[in-house]
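Here is the naming used below: chain letters follow the sequence lines, and residue numbers restart at 1 for every chain.
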There are 2 protein chains.
Amino acid sequence: MGSVEDRFGVTTVLRAPSAVAARPRLGGASWPDEPRRGRKKRQTRDALIDAALDLFEAKGYEHTAVREITDAVDVAERTFFRYFANKEDIALFFVRREMDQFVDALGARPARETPLTAVRNAFRQTLEQIQADSYLRNGEPRYLAVIKLIDSTPALLAASLRFIYDNGDKGVDVLAERENVDPGSDKRPWLLIAIYGAVMALVHRDWRTHGQGGAEAMLALFDAYADQLAPTIAGRWRPSVG
Amino acid sequence: MGSVEDRFGVTTVLRAPSAVAARPRLGGASWPDEPRRGRKKRQTRDALIDAALDLFEAKGYEHTAVREITDAVDVAERTFFRYFANKEDIALFFVRREMDQFVDALGARPARETPLTAVRNAFRQTLEQIQADSYLRNGEPRYLAVIKLIDSTPALLAASLRFIYDNGDKGVDVLAERENVDPGSDKRPWLLIAIYGAVMALVHRDWRTHGQGGAEAMLALFDAYADQLAPTIAGRWRPSVG
DNA sequence: TCAGTTTATGTCATAGTCTGACATTTAGCA
DNA sequence: TGCTAAATGTCAGACTATGACATAAACTGA
């Protein structure tokens, strides 16, 4: 394993058996127009993610060394850290993307919608998007496997909670702007932080168990939580049942 | 810094100037009856915590090596990891203790109190306990410095959020038992998870800025959040303003 | 097609976290 | 005083992460 260098400085890399076969896993170019450099980057990144998730699922997050991931894809360990800030980062890749999608979707909801309605619809959109993007792996969608992985790995759970916490602010900013709430004022929708943070955390918590049911089950879950919070929100925001 | 080893294998450890002076920092035995062995353990642990927080405050969490902490207390690096599971652990020491106090206090609240009232009172008790336990350091209570440290260190924030998340379950279990809610049922107080998780997380978020005002300011903050959630709770639980 | 530039990777060295195994010291006690 | 167990020290090593520099590959323009 690793590399051997002879006295003339010629380095022979000793590859894992599956090394060469691993790289083209995600196949051809998604965008043929894209210059080859960027295409290869994307391929390498996707291959790293794919290999990482496979290994995480097979042997657990903590028991998978970065070295094993890079060996599987046949790149240098250093390369991993050029694509991802740290080991957590690669596991939370999808989470981060989905969160961004959610905030974007929230910002794009029509102004006539109640905050809660907007959140709900943005949530649905994101769920559908996730399902459309995800592909099956061992008979189960990749995103579900990721959720399970995170839920069962303390370090990842912590990181993803912080992520939700941080993004809660972003989401609330979007909502506050929609509702013309002065950013500095006391009227800033603290409650929505609560909805956002709590519901998201709770939904995440139950995703593992209810996730099999797909977007519908998740939406039902969301509604169950939101219904309980709705009266309070309705008292302070323009009421409307979505 | 560190150690120097000559060609005969003799290792000379280069200690920080304050090394020897650091150990007796927390002075004599708190419980003279306690056997010396346990007393020394406690002293070492406290000295480690104290040195760690000093260093974290001075140069930041990430830029403080475990080695520096152990040098300051004049123990082996290995010893650190016998007292604390990891570097995070020492920074969250107080958080963990305070959370435990809170859950205990919650369980001890009289049954006649509404869940929200019980949470509030347990929260107050804990705050007062924290203030009583904490001592000034550079003119500011230690616990406040810890809060600031956590808030400004991503890794610590993540860990403490997970801690809140995990303990939320514990707290809700306590509440569910108080209210005779069947643990498995749908009547399980989801809302209280929300209160617990959201309010606690939010309070934590504002602790840094409002913490100067002491327990009163924190309680006011808690009330501000709780007031908004109260109507919802009141609709589903026995109402009572406390 | 070639030379020059930029970008992605490889390679090497190193700091820092954390763990296991074993040796040494210390407290508590017969 | 000597035995026992607990605490700590010592040593080796795996793993994560980063900086510095070298090399290879992809682009650019003539």
**Request:** Would you mind classifying the nucleic acid contact of B:Ala76 as base, sugar-phosphate or nothing, using non-hydrogen atoms under 4.0 angstrom?
**Result:** base
**Prompt:** Can you check whether B:Thr44 has a side-chain N or O nearer than 4.0 Å to OP1 or OP2 of D:dT8?
**Reply:** yes
**Prompt:** Which nucleotide in the list D:dT18, C:dG16, C:dT9 gets nearest to the side chain of A:Arg82?
**Reply:** C:dT9
**Prompt:** When the nearest nucleotide of DNA chain C is assigned to B:Phe80 and to A:Lys41 on a heavy-atom basis, which residue is associated with the more 5' position?
**Reply:** A:Lys41
**Message:** If I take atom CG in residue B:Asp89 and atom P in nucleotide C:dT19, what distance separates them, rounded to the nearest angstrom?
**Reply:** 11 Å
**Prompt:** Of all the nucleotides listed (D:dA25, C:dC18, D:dT8), which has the minimum atom distance to the side chain of B:Thr79?
**Reply:** D:dT8
**Request:** For A:Arg42 and C:dA8, give me the distance from atom CZ to atom P, rounded to whole Å.
**Result:** 12 Å
**Asked** Just to confirm, is there a sub-4.0 Å distance from OP1 or OP2 of D:dA26 to any side-chain nitrogen or oxygen of A:Lys40?
**Response** yes
**Criterion side chain to side chain contact (heavy atoms under 4.5 Å, CB included) on B:Phe56 and B:Ile69, from CA distance to verdict** = CA-CA 9 Å; B:Phe56 291 163; B:Ile69 302 170; 4.1 Å; yes
**Asked** For the side chain of B:Lys87, counting heavy atoms from C-beta on, which of C:dT11, C:dA8, C:dC18 is nearest?
**Response** C:dC18
**Message:** Given D:dA20, D:dT10, D:dA7, identify the nucleotide with an atom nearest to the side chain of B:Tyr83.
**Reply:** D:dA7
**Request:** Using a heavy-atom cut-off of under 4.0 Å over every strand shown, decide if B:Thr70 touches base, sugar-phosphate, or nothing.
**Result:** nothing
**Message:** Nearest whole Å is fine: how far is D:dA17 C1' from A:Ile90 CD1?
**Reply:** 15 Å
**Request:** Indicate yes or no for a side-chain donor-acceptor contact from B:Ser134 to the backbone of B:Tyr143 under 3.5 Å, with no hydrogens or angles considered.
**Result:** yes
**Asked** Is B:Arg96 paired with B:Asp100 through a side-chain N to carboxylate O contact shorter than 4.0 Å?
**Response** no
**Prompt:** The side chain of B:Arg78 lies closest to which of these nucleotides: D:dA20, C:dT17, C:dG20?
**Reply:** C:dG20
**Asked** Does B:Ser152 reach the main-chain N or O of B:Lys148 with its side chain, forming a donor-acceptor pair under 3.5 Å?
**Response** yes
**Request:** In whole angstrom, give the distance that lies between atom CZ of B:Phe84 and atom P of C:dG16.
**Result:** 20 Å
**Message:** What is the distance, to the nearest angstrom, from the NE2 atom on B:His63 to the P atom on D:dT18?
**Reply:** 11 Å
**Complete:** note: B:Asp71, atom CG; D:dG9, atom C1'; distance rounded to Å ~ 14 Å
**Selection from C:dC18, D:dA20, C:dG16 that lies nearest to any side-chain heavy atom of B:Ala65** = C:dG16
**Prompt:** Tell me: OH of B:Tyr61 to P of C:dT17, nearest whole Å?
**Reply:** 8 Å
**Complete:** Exactly one of B:Asp71, B:Thr70, B:Thr64 clears side chain to side chain donor-acceptor pair (under 3.5 Å) with B:Arg67, and that residue is B:Asp71
**Request:** Give the rounded distance in Å between these two atoms: CD of B:Glu77 and C1' of C:dG16.
**Result:** 8 Å
